2 protein chains.
Amino acid sequence: MLTRIDHIGIACHDLEATVAFYRETYGFTDVHYETNEEQGVREAMLRINETGDGAASFIQLITPIREDSTVAKWLAKNGEGVHHIAFGTDGDVQDEADGIADKGVRVLYDSPRRGSLGSRITFLHPKDCHGVLTELVQKSS
Amino acid sequence: MLTRIDHIGIACHDLEATVAFYRETYGFTDVHYETNEEQGVREAMLRINETGDGAASFIQLITPIREDSTVAKWLAKNGEGVHHIAFGTDGDVQDEADGIADKGVRVLYDSPRRGSLGSRITFLHPKDCHGVLTELVQKSS
């Protein structure tokens, strides 16, 4: 079951400048930074609110660390903006993805990969989700 | 102060079909429908989770009701996808907007307008927000 908006993923050119914008304009707190070599991005997580399932909702800012990363290509085409949205699961993310695949939605990974904060993640094809690249997140236990 | 992700606003061509997708694929509940004549949209709110400030986070699906609405033009240019994000305030939305304007961000409305579920809303210019059309929401008390 999907029990929360886990995060909104926003692609930006300059991670530090964009974190500063969110921190100074809105007062949000940057709680975590990491580099995901596999996805070719560096990211910052800003914690926005607690969620009813005992987890939290974040703004995830992502910037490419190499020109051939999918996010670099996305930025070149679209400019800065919302790149994806993510829902949090209360159980195994692969089970959730399997159930969604059974409804005819293409799942982009054969098996879950490592996401922010030690989570297990997968993505759904945006063309099967009314134009929205959609991530499923099982948070680290 | 901004205390939650209030909603993610997603533009779609067919409101009923897109609601059905979110309901059937993810099990989300469509809790509210309304038409905003001023903005030229019909919208559905799907409630995703409770938030720590005692409110909730929603997916807001919006579809144009006339060809000259800004969302109709946005859809013609971009296709279906995430149109805006919205943060909820714990106080007066105009006070919040004034504080943000003082930091050099353009606020799109001179005074708050009526949003979903009787809320008071305003928008921030996407070019001042790293490409993200950003809404501020003061929920109905």
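Please read these numbers as outputs of a predicted model, since none were measured by experiment. Per chain, numbering begins at 1; letters A, B, ... match sequence-line order.
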Asker: Is it true that atom NZ of B/K127 has more than 12 heavy atoms of other residues, nucleotides or ligands lying nearer than 6.0 Å?
Answerer: no

Asker: Heavy-atom pairs under 4.5 Å with chain A are the metric here; pick the option from B/H130, B/M1, B/E24 that has the most.
Answerer: B/H130

Asker: With B/E96, which residues qualify under side chain to side chain donor-acceptor pair (under 3.5 Å), at least two apart?
Answerer: none

Asker: Taking the side chain as every heavy atom from C-beta outward, state whether B/D128 and A/F21 have any atom pair closer than 4.5 Å.
Answerer: no

Asker: Against chain B, label A/T3 side chain, backbone, both or neither, depending on which of its atoms sit under 4.5 Å from a heavy atom there.
Answerer: backbone

Asker: Side chain, backbone, both or neither: which part of B/F58 has an atom under 4.5 Å from a heavy atom of chain A?
Answerer: backbone

Asker: Measuring heavy-atom distances to chain B, does A/I48 have an atom under 4.5 Å in its side chain, in its backbone, in both, or in neither?
Answerer: both

Asker: Find the one option among A/I59, A/L61, A/D14 whose heavy-atom pairs under 4.5 Å with chain B are most numerous.
Answerer: A/I59

Asker: Are B/M45 and B/V41 joined in one hydrophobic group, where the rule is that I, L, V, M, F, W and Y side chains link up if heavy atoms are under 4.5 Å apart?
Answerer: no

Asker: Is there a path of hydrophobic side-chain contacts, each under 4.5 Å between heavy atoms, that joins A/Y26 and A/V31?
Answerer: no

Asker: Quick one: of B/T51, B/D102, B/T18, B/V82, who has the most non-hydrogen atom pairs under 4.5 Å with chain A?
Answerer: B/T18

Asker: Please output the residues of residues 104-126 of chain B in contact with chain A, using a heavy-atom cutoff of under 4.5 Å, in numerical order.
Answerer: B/V105, B/L124

Asker: With no hydrogens and no angle check, is any side-chain donor or acceptor of A/D53 less than 3.5 Å from a backbone partner on B/N49?
Answerer: no

Asker: Between SG of B/C129 and CD1 of A/I10, what distance do you get to the nearest 0.5 Å?
Answerer: 9.5 Å

Asker: Heavy-atom pairs under 4.5 Å with chain A are the metric here; pick the option from B/G52, B/G79, B/A11, B/G99 that has the most.
Answerer: B/G52

Asker: Can you tell me how far CD of B/E50 sits from CZ of A/R4, rounded to the nearest 0.5 angstrom?
Answerer: 14.5 Å

Asker: Answer with side chain, backbone, both or neither: which region of B/T25 has an atom nearer than 4.5 Å to a non-hydrogen atom of chain A?
Answerer: both

Asker: With a 4.5 angstrom heavy-atom cut-off, which part of A/F87 approaches chain B: side chain, backbone, both or neither?
Answerer: side chain

Asker: Would B/Y22 end up clustered with A/I100 when hydrophobic side chains under 4.5 Å apart are linked, directly or stepwise?
Answerer: yes

Asker: Is there a continuous path of hydrophobic side-chain contacts, each under 4.5 Å between heavy atoms, that joins B/L2 to A/V19?
Answerer: yes

Asker: Does any heavy atom of chain B fall under 4.5 Å from the side chain of A/N78, the backbone, both, or neither of them?
Answerer: neither

Asker: Identify the two heavy atoms, one from A/I8 and one from B/I85, that lie closest to each other, and give their separation to 0.1 Å.
Answerer: CD1-CG2, 3.9 Å

Asker: Hey, which residues of residues 132-141 of chain B are touching chain A, say heavy atoms under 4.5 Å apart?
Answerer: B/V132, B/T134

Asker: B/D68: which residues meet the salt bridge (charged side-chain N to carboxylate O under 4.0 Å, His left out) condition with it, sequence neighbours left out?
Answerer: B/R66

